[in-house]
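All remarks here apply to the structure that follows.
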Amino acid sequence: MVEPMATESKVTANTSSTSELRAACDTGLREFLKGRGYEEMHTHTDVKLVLGYLGVLFCAIDFAYSWKYPFSQTKWFSYISVSVYAVTSALALAYSYAVQRNTFFVGYNKAKGHIISAGSHAKQNDPTYRLTLTTRPIRGRQDPPVFNSKPVEVKQPFAEWFYSDGEFDGAKFNADIEVAIMSLLTKKSD
């Protein structure tokens, strides 16, 4: 029996939904960077997970303590656990808004010695994809490369990368992103 050849799956998005179009472009960029040897760092997700687990841990301890003893003896710990849960949730939310912002990919390439961050946004009724790429050297590297320190911004209508039926044109997207990354990684001229 002959098995069909694996073909690249088509990515389609609802052309009237900017959030779907942005998500498709974000996924395309993530796959492009991984294909170029960048390993994704999950620092933002890890920080939010630790904060969430810490709040849940206090609530679980409160549940176990309340199960063993009557409420009148454990209500002080319930106040503490609910407060800790609220604070850790607020910290995770503040971290998302203040630190992570629109960043959806942070990846490093040890061979090239740098980290690339990518953030995107699209306004609700504006069919324009706004991508910001930044780079920095990997900490502790003996010979850090010197890159253009200014972020590169790509501002392109979604219609450039999507056909009218919503199919994603990965080749054109990758070509445009390759140009943006090459301009980001161009060494500064002294």
Side-chain angles (χ1 to χ4, degrees), residues 6-48 94-190:
T7 58
E8 191 174 315
S9 62
K10 293 181 181 181
V11 176
T12 57
N14 181 354
T15 55
S16 61
S17 171
T18 55
S19 62
E20 278 190 39
L21 295 169
R22 184 180 62 86
C25 290
D26 291 351
T27 302
L29 180 68
R30 184 177 283 118
E31 290 174 4
F32 175 81
L33 290 172
K34 285 181 180 179
R36 297 294 189 272
Y38 290 91
E39 294 183 40
E40 190 166 4
M41 298 169 63
H42 301 283
T43 307
H44 295 309
T45 305
D46 292 343
V47 168
K48 293 188 291 186
Y95 182 85
S96 292
Y97 281 107
V99 178
Q100 185 179 8
R101 288 177 250 159
N102 294 326
T103 303
F104 67 91
F105 182 87
V106 179
Y108 66 94
N109 188 324
K110 284 187 180 179
K112 295 180 181 178
H114 65 269
I115 296 171
I116 284 186
S117 298
S120 69
H121 70 282
K123 295 179 182 172
Q124 184 61 33
N125 294 320
D126 181 16
T128 304
Y129 183 67
R130 292 170 178 84
L131 173 69
T132 304
L133 297 168
T134 57
T135 187
R136 68 179 192 272
I138 295 176
R139 285 188 199 134
R141 187 165 164 126
Q142 297 297 329
D143 58 340
V146 181
F147 297 116
N148 186 356
S149 62
K150 292 185 177 180
V152 170
E153 295 186 22
V154 177
K155 186 177 174 184
Q156 193 81 282
F158 287 114
E160 294 287 323
W161 299 320
F162 288 90
Y163 298 113
S164 59
D165 64 349
E167 185 178 337
F168 183 60
D169 186 1
K172 180 144 179 45
F173 178 80
N174 290 346
D176 291 345
I177 296 303
E178 181 75 39
V179 169
I181 289 177
M182 292 311 293
S183 69
L184 178 71
L185 299 179
T186 302
K187 295 195 181 244
K188 285 183 176 179
S189 57
D190 294 326

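Side-chain contact between L29 and F105 is absent, with no heavy-atom pair separated by less than 4.5 Å. At least one side-chain heavy atom of V106 sits under 4.5 Å from a side-chain heavy atom of S117. For the pair F104 and H44, the minimum side-chain heavy-atom distance is 4.5 Å or more. Between D176 and W161 the shortest side-chain heavy-atom distance falls below 4.5 Å.
Here the NZ-OG1 distance, from K123 to T18, works out to 12.0 Å after rounding to the nearest 0.5 Å. Interatomic distance, I138 CD1 to T135 OG1, rounded to the nearest 0.5 Å: 9.0 Å. Rounded to the nearest 0.5 angstrom, T15 OG1 and D165 CG are separated by 8.5 Å. With values rounded to the nearest 0.5 angstrom, Q100 atom CD is found 6.5 Å from T45 atom OG1. Note that CG of L33 and CD1 of I177 are 8.0 Å apart. Values are rounded to the nearest 0.5 Å. Between R22 atom CZ and T27 atom OG1 the span is 10.0 Å, to the nearest 0.5 Å.
Other residues, nucleotides and ligands place more than 12 heavy atoms under 6.0 Å from the OH atom of Y95.
For E40 and K34, the salt-bridge test passes: some basic side-chain N is under 4.0 Å from an acidic carboxylate O. Salt-bridge annotation for R30 and D26: absent, with no side-chain N of the basic residue lying under 4.0 Å from a carboxylate O of the acidic one.
Using cut-offs of 30° and 60° for the angle between ring planes, the Y129 and F158 rings count as tilted.
R36 places no side-chain N or O within 3.5 Å of a backbone atom of N109 that could act as its donor or acceptor partner. Side chain of E20 to backbone of N14: a donor-acceptor contact under 3.5 angstrom is found.
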(request) Could you check T132 against R130 for side-chain contact (heavy atoms from CB on, under 4.5 Å), going step by step and ending with a plain yes or no? (result) CA-CA 7 Å; T132 304; R130 292 170 178 84; over 6 Å; no

